[in-house]
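Taking it in order: structure first as structure tokens, then the write-up.
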Amino acid sequence: QVRLVESGGGSVQPGGSLRLSCVAPRLIFSEFISYDMAWYRQAPGKERELVAVMSTNGITKVTDSVKGRFTISRNNSRKTVTLQMNSLKSEDTAVYYCNAQRDSINSWGQGTQVTVSS
């Protein structure tokens, strides 16, 4: 288990932007870089879905529904992964979870609420 701490959630109107951050404060650099980092989200009554991933190799994948609007990045020296969310839509409303995965290790943050409404 890896401790992950998310921040940056909140309420925004459609078309607005938010930036989510996730920190792994108990990991050192050499440990953090060994994990694939990702953002997931879960809306009420729906399944948790993958939003974006940045692998240990720096390869980025973003789910089609947010492609062109969301950007994932990581700063390994700061042990941080960020999700920049632009042009937000009501369907983006969900609890967003940071995820760290390596082999059999699969760790989750506590989640941060993102609400998009007028």
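Note that these values count all heavy atoms, side chains included, but never hydrogens, waters or copies made by symmetry. We're numbering straight along the sequence, starting at 1.
Cluster membership check: W39 shares its hydrophobic cluster with V116, using side-chain heavy-atom separations under 4.5 Å among Ile, Leu, Val, Met, Phe, Trp and Tyr. Residues V51 and V23 do not share a hydrophobic cluster, defined by chaining ILVMFWY side chains whose heavy atoms lie under 4.5 Å apart. In the hydrophobic clustering of this structure, Y97 does not group with F70; members are Ile, Leu, Val, Met, Phe, Trp, Tyr whose side-chain heavy atoms approach within less than 4.5 Å, directly or through other members.
Grouping Ile, Leu, Val, Met, Phe, Trp and Tyr residues whose side-chain heavy atoms lie under 4.5 Å apart, directly or via other members, places F29 in a hydrophobic cluster with I33.
A donor-acceptor pair is defined here as one N or O able to donate and one able to accept, closer than 3.5 Å; no such pair exists between the side chain of N99 and the backbone of M37. The backbone N or O of I105 sits nowhere less than 3.5 Å from a side-chain atom of D103 that would complete a donor-acceptor pair. With hydrogens and angles ignored, the 3.5 Å screen pairs no side-chain donor or acceptor of S55 with any backbone N or O of D36.
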Table please: side-chain donor-acceptor pairs of residues 2-21 below 3.5 Å, with sequence neighbours left out.
| from | atom 1 | to | atom 2 | distance (Å) |
| --- | --- | --- | --- | --- |
| E6 | OE1 | Q110 | N | 2.9 |
| E6 | OE1 | Q110 | NE2 | 3.3 |
| E6 | OE1 | G111 | N | 3.0 |
| E6 | OE2 | C98 | N | 2.8 |
| E6 | OE2 | G111 | N | 3.2 |
| S17 | OG | N86 | OD1 | 2.9 |

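Applying the disulfide bond (SG atoms under 2.5 Å apart) test to residues at least two apart or on different chains, none of the pairs has a partner in residues 43-77. Here disulfide bond (SG atoms under 2.5 Å apart) pairs that include residues 36-95, with residues two or more places apart or in two chains, number zero. Sequence neighbours left out, not one pair with a member in residues 26-80 passes disulfide bond (SG atoms under 2.5 Å apart). Counting only residues at least two apart or on different chains, the side-chain hydrogen bond (donor to acceptor under 3.5 Å, both in side chains) pairs with a member in residues 22-34 are S34-R102.
In terms of heavy atoms, A38 sits closest to L50 at CB-CD1, 3.9 Å. Annotation for A94 and A43: closest pair CB-N, 3.7 Å, computed over non-hydrogen atoms.
Ring geometry for Y40 against W108 counts as perpendicular: the plane angle is over 60°, on a 0 to 90° scale with 30° as the lower cut.
Distance CZ/F32 to OG1/T56: 11.0 Å, rounded to 0.5 Å. Taking CZ from R41 and CZ from R48, the interatomic distance works out to 13.0 Å, rounded to the nearest 0.5 Å. To the nearest 0.5 Å, the span separating CD1 on I72 from OG1 on T82 amounts to 8.5 Å. A distance of 7.5 Å separates OG1 of T93 from CD of Q113, quoted to the nearest 0.5 Å.
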Practice problem: Let me see the working for R69 and M85 under side chain to side chain contact (heavy atoms under 4.5 Å, CB included), right down to the final yes or no. | Solution: CA-CA 6 Å; R69 301 188 297 118; M85 305 184 294; over 6 Å; no
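With salt bridges taken as basic N to acidic carboxylate O contacts below 4.0 Å, none links K89 and D92.
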